[in-house]
Amino acid sequence: MDRKVKQLTAIGMLCALAYAATVIGRVPLVLFLKYDPKDIIIAISGLMFGPAASLGVALLVSFVEMLTISETGIWGFLMNVISSASFSCTAAFIYQKRPKFSGAMMGLLCGWGCMVFVMLHWNGLIAPIYMGYPRETVRELLIPVFLPFNLLKGGVNAVITIFLYKPIVTVLLYRNNSTSRKS
């Protein structure tokens, strides 16, 4: 089978897994903020196939989420893409430049920091629109609510990603190598 077809198939499976993780693993935390583990799978797609793959998975999964289970519509879609992409694309970009375990660790830490920084700004801009709260009220929530939420979300995602990445890649590489030997 052609390498591009295998890659596209794997990315499609990762999209399905990320969506399933969103549906099954969604946990309400505070206000309207819910943790879901989709960014773990989106980050893994980026570590495996590069930043463009993680952006594509983030866009597709967030779009399907918007059409099916989201309560925040287009604004939630926008926020999901920004959050997922800032975490996973940053991690994938750094890992692409330094494809070692230390590069993955550095990428995930930088992705975590980037996501927290970006989401504080975007929450201040967009959250008042879809929450229906005055902008000042949302600004007052940035440090005591949004910051801890994003720190927790990014930290959990980074830690779980680093533990799952190697076993997933090993299984996929073993599977690819064993099927290519049979051909």
Side-chain angles (χ1 to χ4, degrees), residues 14-15 18-19 21-22 25-47 49-98 103-162 165:
L14 290 165
C15 284
Y19 178 73
T22 301
R26 187 174 271 192
V27 178
L29 293 180
V30 63
L31 297 175
F32 63 93
L33 300 171
K34 297 177 180 115
Y35 171 79
D36 67 66
K38 76 175 173 259
D39 287 352
I40 297 164
I41 297 158
I42 295 170
I44 289 171
S45 72
L47 295 176
F49 302 113
S54 60
L55 178 60
V57 174
L59 282 165
L60 185 61
V61 171
S62 296
F63 183 73
V64 173
E65 180 182 350
M66 177 185 72
L67 295 178
T68 57
I69 61 171
S70 176
E71 299 160 0
T72 54
I74 191 74
W75 298 112
F77 165 77
L78 179 65
M79 297 297 276
N80 277 324
V81 170
I82 291 168
S83 176
S84 294
S86 62
F87 175 70
S88 64
C89 292
T90 302
F93 179 78
I94 292 170
Y95 182 64
Q96 201 172 45
K97 299 295 179 196
R98 189 175 175 173
M105 291 284 293
M106 184 187 315
L108 289 165
L109 287 173
C110 289
W112 178 16
C114 181
M115 190 260 314
V116 169
F117 178 78
V118 166
M119 290 313 294
L120 278 178
H121 292 287
W122 279 95
N123 279 311
L125 290 172
I126 304 297
I129 296 169
Y130 69 89
M131 285 176 59
Y133 292 179
R135 192 165 304 282
E136 284 306 312
T137 302
V138 172
R139 280 195 187 124
E140 291 172 8
L141 296 173
L142 287 177
I143 301 302
V145 176
F146 289 102
L147 178 62
F149 171 77
N150 285 304
L151 284 169
L152 177 68
K153 175 183 171 183
V156 167
N157 288 338
V159 168
I160 294 173
T161 301
I162 207 66
Y165 174 66

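Residue numbers start at 1 and run along the sequence shown.
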Pairwise side-chain contact, [X] with [Y], heavy-atom cut-off 4.5 Å (strictly under):
X: Trp112; Y: Leu151; value: yes
X: Thr161; Y: Ile44; value: yes
X: Leu29; Y: Leu152; value: yes
X: Leu78; Y: Ile74; value: no

Next item on the list: Show your reasoning for whether side chain to side chain contact (heavy atoms under 4.5 Å, CB included) applies to Leu60 and Tyr19.
Entry: CA-CA 9 Å; Leu60 185 61; Tyr19 178 73; over 6 Å; no
Checklist line | Side-chain (Arg135) to main-chain (Gly124) donor-acceptor, under 3.5 angstrom | finding: yes
Check: Looking only at atom types and distance, does a side-chain atom of Ser86 sit under 3.5 Å from a main-chain N or O of Ser83, one as donor and one as acceptor?
Finding: yes
Next item on the list: Hey, could you give me each pair passing salt bridge (Lys or Arg N to Asp or Glu O under 4.0 Å) that has a residue in residues 117-130? Not counting sequence neighbours.
Entry: none
Next item on the list: Write out all pairs satisfying salt bridge (Lys or Arg N to Asp or Glu O under 4.0 Å) with one or both partners inside residues 63-74, taking only residues at least two apart or from two chains.
Entry: Arg26-Glu65, Lys34-Glu71, Lys38-Glu65
Note to self: According to ring pair (Phe, Tyr, Trp, His ring centres under 6.0 Å), does anything in residues 74-96 pair up with another residue at least two apart or in another chain? List the pairs.
What the structure shows: Tyr95-Tyr165
Note to self: Show me the pairs that pass ring pair (Phe, Tyr, Trp, His ring centres under 6.0 Å) and involve residues 115-148, at least two apart or across chains.
What the structure shows: Phe32-Tyr130, Phe117-His121
Item checked: For Lys153, salt bridge (charged side-chain N to carboxylate O under 4.0 Å, His left out) partners two or more places apart -> Asp39
Check: Excluding sequence neighbours, so at least two apart, what forms side chain to side chain donor-acceptor pair (under 3.5 Å) with Asn123?
Finding: none
Next item on the list: Search all heavy atoms of Pro37 against all heavy atoms of Gly25 and return the closest pair with its distance.
Entry: CD-O, 3.6 Å
Next item on the list: Compare every heavy atom of Cys89 with every heavy atom of Ser54, then report the nearest pair and how far apart it is.
Entry: OG-SG, 3.4 Å
